[in-house]
Amino acid sequence: MSTILEHQYRRTLRWYPSSWRAQHEEAVIGTLLDVAEGENRSRPRLSEQLNLAVNGLLTRIGIFLPARVRDGVAAVALATGTAFATSFFVFLEWSPWTAADRVAELPLDPGFGPFVNPGVIVCALWALGFLFAVLGRYQITRVLMVMAILVAVAIPVVSHLPFAGWVGPSSTNLGFFELLGALSLVGTPPSRVRLGIGTGIAMAVLVAIYKHDGAFRPYYSGDHFFWWLMDTRINLDLLLVPTFLVAIGFGLAGRGTTAAVIAISTLPWAAAYLVVLAVTDPVQAIFCAAWLTAGLSVVSIAVLKRSGFEIVVRRRDDSR
């Protein structure tokens with residue numbers, strides 16, 4: 001029975017890179033088997049397998065992204081997602097000042113209680129995740145972020161069921177939440193104070209954008225309102241280009257961590273914007289995707305050169 005248990009543990013440890021397994025696998029297997037024997041178990045616990053799988057994936061990511069980069073990306077993603085969820089809830093989910101207009105514009109939408117649609121669940125999970133992160137309980141935050149991602153994936157499916165019929169959230173907003181949630185899982189924010197300050201700044205910027213474009217008017221603007229602003233009023237590509245140039249500058253100046261955090265944190269915005277462009281202007285979407293890919297490649301090369309690492313391609317002896 002211990003042989004079967006050992007095989008199951010070894011199979012789970014395949015989530016880790018081979019270099020890690022060569023150094024640590026035997027010691028970890030021994031510890032896991034001792035714990036299982038002490039608990040009189042013949043099968044791995046599900047929590048053990050999930051923990052090993054998650055940490056194995058993070059170890060693989062860590063080969064290319066150091067812990068400082070991952071922690072910075074996680075902090076920016078959590079701050080951005082929390083601010084976006086809060087503004088999304090206030091202006092697009094709740095917005096009591098547009099209630100009368102919503103009824104006229106969406107007479108067939110059953111709503112979700114007093115809210116427009118079930119996107120409020122995603123917003124609530126983000127708010128709770130941020131709260132526990134500020135309290136230093138980031139393990140709970142991780143669970144809530146996974147739940148937020150799963151809910152965002154499930155909402156479009158449930159919305160097509162006969163009893164639902166919700167109008168939104170749009171796939172762009174849900175995808176944006178999913179990308180930010182995934183990035184929030186890659187590390188741990190290094191400072192709760194800076195996390196709070198960053199979230200406050202992001203929130204202030206988003207509220208200013210909504211207010212500037214009349215979000216407080218008694219007219220419901222729809223679930224696409226924010227990205228419509230980004231596409232027609234603010235022109236997000238004019239913000240993304242300087243952002244990538246700044247990241248390239250940091251990379252060339254030897255600030256690889258800062259450059260990588262900026263570049264990676266920009267990707268959810270770029271992805272959401274490209275989705276909007278693909279619908280309205282496919283040619284411009286292709287052009288923007290090209291320069292985003294080029295910018296990310298330049299940042300990666302600059303960071304790699306300054307990091308002291310090099311990529312070596314060699315043929316294995318057993319290749320044919």
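Just so it is clear, the model here is predicted, and its values are computed rather than measured.
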Can you check whether L33 reaches L5 side chain to side chain, under 4.5 Å on heavy atoms? yes
Over 12 foreign heavy atoms within 6.0 Å of CZ, R68: no
Are side-chain heavy atoms of L174 and P156 found at a separation under 4.5 Å? yes
In terms of side-chain geometry, is the basic nitrogen of E6 or R11 positioned less than 4.0 Å from the acidic oxygen of its partner? no
May I ask you to check whether F216 and F91 place their ring centers less than 6.0 Å from one another? yes
Would you check if I155 and P169 make a side-chain contact, meaning some heavy-atom pair closer than 4.5 Å? yes
Would you say that T80 contacts W269 through its side chain, given a criterion of any heavy-atom pair below 4.5 Å between the two side chains? yes
Quick check for you: to the nearest 0.5 Å, what is the distance between T86 atom OG1 and E93 atom CD? 12.0 Å
Separation between CH2 (W166) and CZ (F115), nearest 0.5 Å, reads 13.5 Å
Ion pair E25/R14, N-O distance below 4.0 Å: no
Classify the ring geometry between F177 and F88 as parallel (under 30°), tilted (30 to 60°) or perpendicular (over 60°). perpendicular
Do N173 and S170 pass the side-chain hydrogen bond (donor to acceptor under 3.5 Å, both in side chains) test, and can you show the C-alpha distance, the side-chain angles, and the key distance before you say yes or no? CA-CA 5 Å; N173 285 313; S170 70; 3.0 Å; yes
So, taking the atom named CE in M145 and the one named CG in L128, what distance separates them when rounded to the nearest 0.5 Å? 8.5 Å
How far does CG of D34 sit from CD1 of I29, to the nearest 0.5 angstrom? 11.0 Å
Check: T98 side chain, S95 main-chain N or O, donor-acceptor pair, under 3.5 Å: yes
Please examine the side chains of L144 and M147, heavy atoms only from C-beta on, and report whether any two atoms are closer than 4.5 Å. yes
Take a 6.0 Å sphere around CZ of F112 and say whether it holds more than 12 heavy atoms from other residues, nucleotides or ligands. yes
Applying a strict under-4.5 Å side-chain criterion to I, L, V, M, F, W and Y, I'd like to know whether V120 and L125 cluster together. yes
Side-chain donor or acceptor of R41 paired with backbone N/O of R43 under 3.5 Å: yes
I'd like to know if L131 and V122 are part of one continuous hydrophobic network [Ile/Leu/Val/Met/Phe/Trp/Tyr, side-chain heavy atoms within less than 4.5 Å]. no
Just wondering, more than 12 heavy atoms not from W15 lying within 6.0 Å of its CH2? no
Using the rule given for side-chain contact (heavy atoms from CB on, under 4.5 Å), can you reason through Y138 versus L78, listing the C-alpha separation, both sets of side-chain angles and the distance that settles it, and then say yes or no? CA-CA 11 Å; Y138 203 75; L78 185 58; 3.9 Å; yes
Counting distance only, does the side-chain N/O of D101 pair as donor-acceptor with the main-chain N or O of Y220 below 3.5 Å? yes
Taking atom NZ of K211 and atom CG of L206, what is their separation to the nearest 0.5 Å? 15.0 Å
Find out whether Q8 and E48 are in side-chain contact, i.e. whether some heavy atom of one side chain is under 4.5 Å from a heavy atom of the other. no
Which residue, R70, R142, Q139, forms the side-chain hydrogen bond (donor to acceptor under 3.5 Å, both in side chains) with T188? R142
Spell out, as yes or no, whether a donor-acceptor pair under 3.5 Å connects the side chain of R21 to the backbone of Y16. yes
Taking the side chain as every heavy atom from C-beta outward, state whether S87 and Y210 have any atom pair closer than 4.5 Å. yes
G129 backbone acceptor or donor facing T141 side chain under 3.5 Å: yes
Within a 6.0 Å radius of atom CZ on R45, are there more than 12 heavy atoms belonging to other residues, nucleotides or ligands? yes
Heavy-atom side-chain proximity of F89 to W126 below 4.5 angstrom: no
